[in-house]
Amino acid sequence: MRKLRRTRKQRRMRMQRLAVFSVLAGLLLLTALFAEQLCPYDPYMQDYGSVLSAPSPAHPFGTDRFGRDMLSRVIAGARTSIFSTLVLVGIISVSGTAAGVLCAYFGKWTDAVVMRIADVCLAFPGLVFALAVSAVLGGGTGTAVIALAAVSWPKYARLARSRTLEIMSSDYLAAARLAGDAPGQMIVRHILPNIAGQILVTAVLDMGTMMMELSALSFLGLGARIPTAEWGSMMSGGRSMLQTYPWVVLAPGSAIFVTVAVFNLFGDALRDCLEP
Amino acid sequence: MKRYIIRRLLSLIPVLFGITFLSFALMHAAGSDAVLQSMDASGITLSREVIDARRAELGLDRPFLVQYFSWLGGVLTGDMGVSYVSGRDVFSTFISKLPATFLLAGASILLTVVISLPLGILSAVRQNRFTDWLIRGCSFVGNSLPNFFTALLLIYLLAICIPVFPVISEGIGVRSAFLPALTLATAMSSRYLMQVRTAVLDELGKDYVAGERARGIRFSATLWKSVLRSCMTSLFTLLALSVGSLLGGTAVVESVFLWDGVGKLAVDAVNMRDYPVVQAYVVWTALVYTAVNLITDISYHFLDPRIRLEGGRR
Amino acid sequence: TVREGDSSTYQTGEESSTKTFVFGDTTFNAENGEADINPRHDNGGWACIRYGVGETLFRFTDQMEIEPWLARSYENTDELTWKITLRDGITFTSGRNMDGEAVKECLEALVSEHDRAAGDLHIAEITAEGMTLTIRTEIPVPTLINALADPYACICDVRAGVTEDGIVQGTGPYRAVSLTPDTSLELVKNEDYWNGEPKLDEITVRTITDGDTLTMALQSGEIDAAYGIPYLSYPLFENDGYTFTGCATSRVFFGAMNFESGITGDPAVRKAIAMGIDKEGFVEGLLDGNGYAATGVYPDSFAFGGDAVTAEGYDPDGAAQVLEDAGWTDEDGDGLREKDGTPLVLRWLTYPSRQELPLLAEAAQAMLGEIGFRVEIINTADHNRLRSDSSAWDIYVSAMVTAPTGDPEYFFTYHCLDSSDSNDGHYHSDRLEELAEEMARTFDVQRREELAVEMQQTILDDNAYVFCSHLRMSMIAKAGVTGLTAHPCDYYEITVDLDYE
Amino acid sequence: MKRVKPVLEVRDLTVRFTQRDTAVDGVSFQLYPGEILGIAGESGSGKSTVARAVTRLIDAASGEIFLKGAPITHVTGKRQRAVYRDIQMVFQSPAGSFDPRKTLGDGIGESLGNTGMKRSEVRERVGELLRQCGLGEEFAGKYAREVSGGQCQRAAIARALAIRPDILVCDEAVNALDVTVQKQIIEVLKDLQQEYGMSYLFISHDLALMQSFCDRLLIMQKGKIVEEGTADEVILHPKKEYTKRLMEAAFLFG
Amino acid sequence: MNELLVFDQVEICYHGKPAVQDISFSVNPGEVLGIAGESGSGKSTLIRAVLGILGQGGQITKGRICFQDRDLLRLSERDMRKLRGEQIGMIFQDAGASFCPVRTIGDQICGSLSAHRKIRRRESDAMALELFEKLGLTEGRRILESYPFELSGGMNQRVGIAAAMLLNPALLLADEPTSALDAVSGRQVIEEMRILKELYGTAVILVTHNIGVVSALADRVLVLHRGRIAECGETSRVLEDPQDAYTRELLEAVPKLRRYRSAYRTEPKM
Ligand SMILES: Nc1ncnc2c1ncn2[C@@H]1O[C@H](COP(=O)(O)OP(=O)(O)OP(=O)(O)O)[C@@H](O)[C@H]1O
Ligand SMILES: Nc1ncnc2c1ncn2[C@@H]1O[C@H](COP(=O)(O)OP(=O)(O)OP(=O)(O)O)[C@@H](O)[C@H]1O
Ligand SMILES: [Mg+2]
Ligand SMILES: [Mg+2]
């Protein structure tokens, strides 16, 4: 009896967890969408009269060295940070998966060539790549996204490839072949749906990492353009103020933390529900 | 087995070639060069003649492909050229800085394992309980901190508030290595911990766990003797893969802690567009990374009887 | 013969009688061209002179006037000939006596190895006779003595050579014993120093490129004094435990207008830019007072600098009016002015490696935005290539040293003339060309200063350049450290006076 | 036997998974229209491998396979897909042969959908097939992991029968079923055979079942056919020691 | 008291839906109880419930299961662990999968022995070898040094039996121990279980849908149909004179090997 209740409760809890975290993740996305409407101040308005003022009722997160309201900047930064991360993760997961599936499916030299390219990208120091890409394309978030995408897709390619190989050796794929499925159909009907969950979960879990990497590039002046509010560059810009004006660093830092945590927990909950 | 190793080594050749070529090409595309870069840094304007003369001296005026192949030729004969900036022999400079980086990387891997293995397992075993949430919470914090920030925080706490460690490393030693290694380990652990957790959870769902339970074997015994041993190979692979990000991380951390290793050298070189040094670094990272992964693959053959005895399934 | 330095001379508190000192510096690195302390190598002279290893024949006073140092006096016999008398009784740390011959060798080596020095000095011939040195130049070089005060002209014993690590033997209060590029330099007291007794036995100069690490190292007491602490960390040291020293240097943050551009080609726009940037606001608000609002090319410490010239003051309303009058109006009310369908978009080219530059760009973006500009910031490490393409930018903002030799001519030669290599905005002024020509011929210091003022005023009147701020060079030391004073030329750090209780 | 052309003919089929081991070694046999050919043999003797080779799921190292006289040994692409209108297979492990993310109904209807049949028709036909194999229509909406092994295997048989192939390869298709269901399925198979003249390649290790169901029997050992004949011949008068051992064991269960 | 295991009105649900209902039966010491029934009727569920390893979503919702007069449902996990293996052994349908893939058989046998008593590796090996010999398993040494995947399905199954028997449990639960095996190996497994029953007097619950196996081994047989007991009684009685309609159907369906003339010498033992 006791056991019964617990398992039922666990199931309910699992669904509840997914609900809670999808709501939270949704809230984050909404914040990003309606950043402009939500900001209490203009995030770009400089005010030399209140430079680096400590958190107060007027400025709950304090102000930065330009006298801009940190809360507004954190909210405005949600758009840049979350959207660019979403785009980046979207690009790498889709392209990586496509490459991995095709490699596994067609094998032979396609596999050899694509996987060698993946090896190159994987072993390539991202910094050098980012530097060059930004020189060719000019700085900006787009550039940073492209540079990071170039070095991060192999992870997905590898995952998709190994999973596809596994699926290809399964009986149900043989059954699909016997049912007369063409290669495209097999990929779309059986392979993709079966790896999608894992890829999705990996992608959601990757949000945090990628957000950090994007901000690392911002730090080098390769990411978000001045004066775009972006959490990573806000954090790196404030690094010297850790001891003196900690809020300048802590505000974007906690925004990153919350986002990373929410997306991770959302990914976890999603996995629990997708793969019981 | 031997054939496998040889095949893996052969497949390294195009990869290395690709890496060197790409990096060479990209650094060129990145504009600027060692001469212009030093002008920015010092703020002393140089005349066109001086710039051109210096470029010619460094061979920077030659066509790109000529530069690349002359460099590549040098590499194959064991000569990586001299630094554009310091004029020193790149190869020997590199070799002299390698041990420091290896020490740091080794220490952080060790720390990572020491931190994340027990915590990851604990978190898996106590899935969705308080302990699990707590551990995962910490891992999110670790994941949200950029390396430079962790570094500053650690210095602040352990060198200034409680002065147990030095801020700047006093040569290459264990005491100096602790803080930088801990910085790297923080980032790595928070990711690795989650991977350990997932792997262990996966393994716990397998039939043999129920089997051992039915045989009345203590859960702890199952965990340590069977579960861990079974997921050892995948844990190993994940660790090896994270060596990539570790190598990237050493660059930042070495610069912050003034750890005189290859990472710092590389950051300086990238800033300076000191191509020969950047090339050396790229080749080195790629080599180490590929070697680490090669070694992992080969060590499977010893770690996992399924592969060892079936003779190279992959 | 060269004395090889042994690397482990430095040990904290080895003996109470040994006075050791650790100096942390962000700039002593290859990136700055200071891979070592060899003056003939890049900017190695800066390190050589800053850390008290080498000295020049002449030096700058606190007012940036030239005074003899290793030299006793000089005489300009004709336009091409300079006669310099050396101080007696000075020996190199190698043990060799510093006489005319040694200096001759040193200068000859310098011009053959150091391109910039060769270009500045134009030496045709040097003759040494006992303690006198006669230098003949190929063309009249009015700034020869200034050039001899540049760090590259540190006098070293050429016969003692340069070690593999780049250590030279100079005449300074300290002798370098070991050097690891980008890491550290170990110095010991020069027992035979000619100008007093150095107070410290051993000094370690640590390269700490990361400003925050430097901050914490000073906090933890691992270093005794530091150069390059980030401004934002200053509050940590504003207490009894530390002393500050600082002064303005000739490193200036300035924007060069592009005369080929449709935007900055318009004098009204240039004027509006000059009037629209709140230099005081930038310096006070962002540099936290650690800079000086600039008027012209040179800071106050120069006779021809500071208020010797006048520039447009900050006047946003006036700037708006100037634009309005010139036909740049905001018809559609979106805050952005346009003229004949061309929006007032200012492409602001700058680079990230000097951290104040992006700050300036960001500040200017807001300031100019107020008066109807839209500033697009191009912040890239690839600026050197971009700036030579005059269609890619409207204003190029950089940080440059304007008077490394203490003489005004340098800036104009490199930046403002038709023949200047860095004149990428293609600024041209007949008047300036005339004045520059005169300057090149003038040996009279007084007249040169007058010319400098006039030339500055010319470019300021044209609003061809806008000078925002001079950098304040600061050093922070533990309380008790004495004899560490910031100098406007930024060359002198470790001197014979350096000591601590 | 009948002087008709075989629907399926295998000549000298050899399959290797690794360079050294030969899983199937020079196997030849014919399957005639309307015939039920049994393959028995101990575990690992290569029965499944033969089944997979004739359905072109794995490539033969050498040898030839003819379907209705046409060589299919190396067909690929469209022509390979065309082969599957004539030949279908039921897999050894029932749960693994259904896509975990698709319902049983989807799996059963897949081949029908590929022939261009309308959705509604497919649904109807799936229901019919399920009923034929002793399952309720509600199973169309279930997932493989939600049903017991036997139920799953019945769905797999329904799937294989969906497009009414001429040849059905059953790889231990009824072994996981309990005897009542097994009997039911065997009845269905027999009916189909009578109605449409289907041929079966029936792999099993249940000799009792094979004796009553198969026309001819092949006994495999280590990749080779060691004995061949009518079911009664092989079971009652085994020639090889290996076959005798197999029979001996089988009697115990009977 | 003399009943070893008692099921009293047991109902077991998966995710709230009952899989078996109203199950009552008992097993006496030394007795072999066969459980037959169509697939999905809940055979595996019953014996998994005894060990408390129903897995995700499964729980006992009604009734009691008593082992040696102790209510298993009230035992703590700790006491339960002591019972598992020591008192109640289990043989899985796929014994190979119930062994850890990366440890040798010998290692794991030693592990399960030392979970219940103090024993050294050498002793456990010796015990295992002795049992292997009794079971007619040749090459015992090699088996001990092998990994599960190196052994064939039949071998794994037999090792599984041996591993369960080494602790000499009072009750052995066997879930379709032969259905994954070919006839030759299946027969060996049945042989071994018979030997064990005779040697140690272990009570066995044998789940199978192979009536041949039931008739060869079981003293009593319990027929499950759709989660309920259809029939329960002496094996010979049930097989010869089935009362329940389903049982009759089941028996009729069993294919029999026809033997014209006694063509073959070996008589089935039963
Ligand atoms: N995918 C594979 N890769 C490598 N070897 C294989 C593979 N599939 C089968 N084998 C090997 O081929 C041989 C024949 O296997 P097969 O599956 O055909 O046997 P089987 O007669 O069907 O046995 P069972 O009765 O156990 O199903 C075996 O030795 C097996 O190990
Ligand atoms: N983990 C589970 N979750 C949900 N339902 C389950 C689960 N395990 C079994 N069932 C259901 O419980 C019923 C009994 O299953 P059980 O495995 O006990 O059958 P069985 O008699 O052993 O069948 P088989 O002979 O096919 O193995 C079936 O209807 C099955 O669908
Ligand atoms: Mg098979
Ligand atoms: Mg079962």
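This is a predicted model, so every value here is computed, not measured. Chain identifiers are assigned alphabetically (A, B, ...) following the order of the sequence lines, protein sequences preceding nucleic acid strands; residue numbering begins at 1 within each chain.
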Against chain B, label C:Asp182 side chain, backbone, both or neither, depending on which of its atoms sit under 4.5 Å from a heavy atom there. both

Is there a side-chain contact between C:Ser178 and C:Asp165, using heavy atoms and a 4.5 Å cut-off? no

Taking C:Pro488's backbone N and O only, do any of them form a donor-acceptor pair with C:Thr249's side chain (distance below 3.5 Å, no angle check)? no

Results of ring-ring contact (aromatic ring centres under 6.0 Å, His included) for C:Tyr298 - residues two or more places apart only: C:Phe302, C:Phe304

Residue selection (most heavy-atom pairs with chain B, distance under 4.5 Å) from C:Ala35, C:Gly33, C:Pro181: C:Pro181

C:Thr180 portion near chain B, given a 4.5 angstrom heavy-atom threshold: side chain

Tell me, side chain or backbone of C:Phe411 under 4.5 Å from chain B's heavy atoms, or both, or neither? neither

Aromatic C:Tyr351 / basic C:Arg387 pairing, under 6.0 angstrom, 45° off normal: no

Is it the backbone or the side chain of C:Ser422 that comes under 4.5 Å from a heavy atom of chain B, or both, or neither? side chain

Do you know which of C:Ile223, C:Asp36, C:Asp115 has the most heavy-atom pairs with chain B at a distance under 4.5 angstrom? C:Asp115

Residues which pass ring-ring contact (aromatic ring centres under 6.0 Å, His included) with C:Tyr414, listed by chain and number, not counting sequence neighbours: C:Tyr410

Hey, are C:Asn38 and C:Tyr152 close enough side-chain-wise for a donor-acceptor pair under 3.5 Å? no

Highest number of heavy-atom pairs under 4.5 Å with chain B: which of C:Asn43, C:Ile208, C:Thr183? C:Ile208

